[in-house]
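Contents: one structure, followed by commentary.
On a predicted model such as this, the values are computed, not experimentally measured, just so you know. Chain letters run A, B, ... following the sequence lines, proteins first, then strands; residues in each count from 1.
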There are 2 protein chains.
Amino acid sequence: MSDLEVRQLRYFVAVAEELHFGRAAARLDMAQPPLSRAIRALERQLDTALFERTTRQVALTPAGEVLLRDARTALEAVTAAAHRAHQAGRTEPRLRIALKADLDGGLLPRILDAYATDPAALPPELVLGGYGEQPRALRDGRADVALLQLPCDDRGLDSEPLLTEPTLVALAATDPLAARSALHPDDLAGRELPDGAPADGLRPARPGGPRPTAARRASNLSEILSLVETGSIVFFAPASLARRHPRPGIAYRPVRGLPDSTLAVAWPQDARSPAVAAFVRAACTTATSTSTATSTAAVPAHRGGDRTGPH
Amino acid sequence: MSDLEVRQLRYFVAVAEELHFGRAAARLDMAQPPLSRAIRALERQLDTALFERTTRQVALTPAGEVLLRDARTALEAVTAAAHRAHQAGRTEPRLRIALKADLDGGLLPRILDAYATDPAALPPELVLGGYGEQPRALRDGRADVALLQLPCDDRGLDSEPLLTEPTLVALAATDPLAARSALHPDDLAGRELPDGAPADGLRPARPGGPRPTAARRASNLSEILSLVETGSIVFFAPASLARRHPRPGIAYRPVRGLPDSTLAVAWPQDARSPAVAAFVRAACTTATSTSTATSTAAVPAHRGGDRTGPH
DNA sequence: GATCACTCATACCGCCAGGGTACCAATGCC
DNA sequence: GGCATTGGTACCCTGGCGGTATGAGTGATC
């Protein structure tokens, strides 16, 4: 069983995600027959069936499920090696900070100020990304450190919580529910959410199958808030965001029973850069010394809590 | 910057480890010129110098150091994908347990007994390996779970300590030091250790440069103990091993100031198999319910301590 | 300081891995 | 039962990659 090649993993992941050789081939920008051959060769090489296929249906075998998971992480590791090496070769090194715009709890400026005073600090560079992209950015080497919401897929990451605050829901001020002072998740059943993917398990089940409302496509916060204002969608947001983006047409209401939203600083477990350590220190001290940090101490460290930071 | 290929990473790691294109090529079983070309192409692709080379000297650049580390983990991730998929495709699945023979603290039989009673248990299969090979076996998918000594390179792993006991040194009974009831690490300065690599930072400095004594090659415990008996080497071992392998010609003595030896059960952070969880449970309950577990409670959990086991 | 040994780089060649095209076969739908 | 869909097979051909031969720079030796 000789070594796998990245190409084989990419091919496999494409087919496993599409469950359709033709579409996967299109996505890979190649013809279907060589893709089929490559997958067959992979199966022979691993001595394992990865797909159950008829001419009408493609499905993953259990071994295929395992490989899909591991292939994804392996591909992330490979691209991480490339990104980090490329980054390390730059003439003026930077600290790349991944975050989702407007979800930094308003802490970022103060964190950056504190960070800048550290002798180990490198000039910061922001890497903006959508919902849940921050962990991936850390894993595949596009970023060195991140501000993100817990919980998240933290395989390979260490994190330190900074700030816990209640989760509010943003409603149109005209919404009947806005008259109430607090809501229950069930009240929101069937409402549309922004397209990004706040796909927390908590998302109210959408009744009657997928019913995609038009024009949910909203990439940035002001677009989302505009859609909220019109009543097209509702939107879950931590309290700090509500505080920083008040709008007359929007009512923010607490939702009883929804878990609090926790902002954390996260970094690759094997990070060694002193700049990352400096940023983590700055983030932690900023968070604890800030008056808005209402209940940080109550939150248990989310792995890596027994460490002081990256080495 | 298109995707890297596994072949490129293997080539790079070989050169980075050998720091010599000719030897690296030999190790890769190929000629030197294509290797040089491949490295140059890699540097162009990453737009980064990876080596400083003259015709007489090859050295890693800082970017090269970064890539070496990340390339190793990426290669481990790729082979892990292959191993785990292959394993998942076997007709009779197994739980592969990595350990170093004789370093299980005598717990293994009882752990296996407890494990066997779990409904989620799969038939166990032992994966024996040398010093420090267990973490790698977990990372590259050769094993599902391991018994190993802490601390170790635990990137990507979770672990739970089982048993902490003092570290003893094994001496020839005729050794002058054997007359003393306790030793200090400095007393052992200059002594040879078994070849494997108990390369803890604690290793007494070998004075006067490398002075390899003949016949230190010893792969298993009885060979090592024989060498100890003759006075050729000394050997650090946890107390349980001493208890289980008494020999007239060997004296075990405590070493003041040497950190205790901790046995732990470890598993890949992203392990999901219920069999792994069952084994971890079995190991933990066996360790705490055992009379030889003198001071387990005193040891803080070594990451993952805030979890009950793999998902 | 000229020679030599060593080692990395360049030039050129040849093979085959892997992708493309054409076609076949099986399956489900009308 | 024909047709559309989709995966598999056969065959060709290109380009990436490895091999051999050779060049060029550098440090050591006498």
Side-chain angles (χ1 to χ4, degrees), chain A residues 1-61 63-64 67-68 71 75 78 82 89, chain B residues 1-61 63-65 67-68 71 75 78 82:
Chain A
M1 191 178 61
S2 78
D3 251 339
L4 293 186
E5 277 298 331
V6 167
R7 187 176 38 78
Q8 300 179 280
L9 295 180
R10 275 204 315 272
Y11 288 6
F12 170 77
V13 169
V15 176
E17 285 178 356
E18 300 286 346
L19 291 179
H20 188 292
F21 281 78
R23 280 197 298 275
R27 189 170 118 185
L28 293 167
D29 202 31
M30 66 186 288
Q32 169 260 320
L35 179 58
S36 289
R37 256 187 306 154
I39 297 292
R40 278 238 173 272
L42 179 62
E43 290 180 314
R44 269 199 307 276
Q45 194 171 335
L46 296 176
D47 192 26
T48 304
L50 299 172
F51 296 101
E52 302 280 357
R53 33 200 185 294
T54 68
T55 55
R56 312 296 293 177
Q57 191 83 3
V58 176
L60 279 169
T61 62
L67 184 59
L68 178 55
L75 288 176
V78 171
Chain B
M1 190 180 61
S2 76
D3 252 340
L4 293 186
E5 276 298 331
V6 166
R7 188 176 37 79
Q8 301 179 279
L9 295 180
R10 275 205 316 270
Y11 289 5
F12 170 77
V13 169
V15 176
E17 284 178 356
E18 300 285 346
L19 291 179
H20 188 291
F21 282 78
R23 280 197 297 275
R27 188 170 118 185
L28 293 166
D29 201 31
M30 66 186 290
Q32 167 262 320
L35 179 58
S36 289
R37 255 187 307 152
I39 298 292
R40 277 239 172 272
L42 178 61
E43 290 180 314
R44 269 200 307 276
Q45 193 172 337
L46 296 176
D47 191 26
T48 304
L50 299 171
F51 296 101
E52 302 281 358
R53 30 201 188 295
T54 69
T55 54
R56 311 295 294 177
Q57 192 83 3
V58 176
L60 279 169
T61 63
E65 303 265 11
L67 184 59
L68 177 56
L75 288 175
V78 171

Nearest-Å distance, [atom1] ([X]) to [atom2] ([N])?
| X | N | atom1 | atom2 | answer |
| --- | --- | --- | --- | --- |
| A:Gln57 | C:dT27 | CD | P | 13 Å |
| B:Gln8 | D:dC17 | CD | P | 7 Å |
| B:Ile39 | C:dT10 | CD1 | C1' | 17 Å |
| B:Leu35 | C:dT7 | CG | C1' | 13 Å |
| A:Phe51 | D:dT6 | CZ | P | 16 Å |
| B:Leu19 | C:dC6 | CG | P | 19 Å |
| B:Glu18 | C:dC8 | CD | C1' | 16 Å |

Item to check | Along DNA chain C (nearest heavy atom to each residue), the more 5'-positioned of A:Thr54 and A:Glu5 | outcome: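 First, find each residue's nearest nucleotide; the 5'-ward one identifies A:Glu5.
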
Heavy-atom pair of closest approach, residues [X] and [Y]:
| X | Y | result |
| --- | --- | --- |
| A:Ala59 | A:Leu19 | CA-CD2, 4.2 Å |
| A:Phe12 | A:Gly64 | CZ-O, 3.4 Å |
| A:Ile39 | A:Arg53 | CG2-NH2, 4.2 Å |

Next on the checklist: For A:Val58 and B:Arg7, find the nucleotide of DNA chain D closest to each by heavy atoms; which residue's nucleotide sits nearer the 5' end?
Outcome noted: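 This one resolves to A:Val58.
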
What's the closest nucleotide to the [X] side chain, out of [options]?
| X | options | value |
| --- | --- | --- |
| A:Arg56 | C:dT27, D:dT9, C:dC8 | C:dT27 |
| B:Phe21 | D:dG19, D:dT6, C:dC8 | C:dC8 |
| A:Met30 | C:dG19, D:dT9, D:dT20 | C:dG19 |

Next on the checklist: Check the orientation of A:Phe51 and A:Phe21. Use parallel for under 30°, tilted for 30 to 60°, and perpendicular for over 60°.
Outcome noted: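 The arrangement is perpendicular - the two ring planes meet at more than 60°.
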
Just to confirm, is there a sub-4.0 Å distance from OP1 or OP2 of [N] to any side-chain nitrogen or oxygen of [X]?
| X | N | value |
| --- | --- | --- |
| A:Arg53 | D:dT6 | no |
| A:Ser36 | D:dG8 | yes |
| A:Arg37 | D:dT9 | no |

Checklist entry - Are any of the side-chain heavy atoms of B:Glu43 and B:Thr61 separated by less than 4.5 Å? => result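 Answer no - side chains too far apart.
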
Checklist entry - For A:Gln32, which contact category applies under a 4.0 Å heavy-atom criterion: base, sugar-phosphate, or nothing? => result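 It contacts base atoms.
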
Checklist entry - Hey, does B:Tyr11 reach any base, or is it just sugar-phosphate, or nothing, if we go heavy atoms under 4.0 Å? => result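 Here B:Tyr11 touches the backbone only, sparing every base.
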
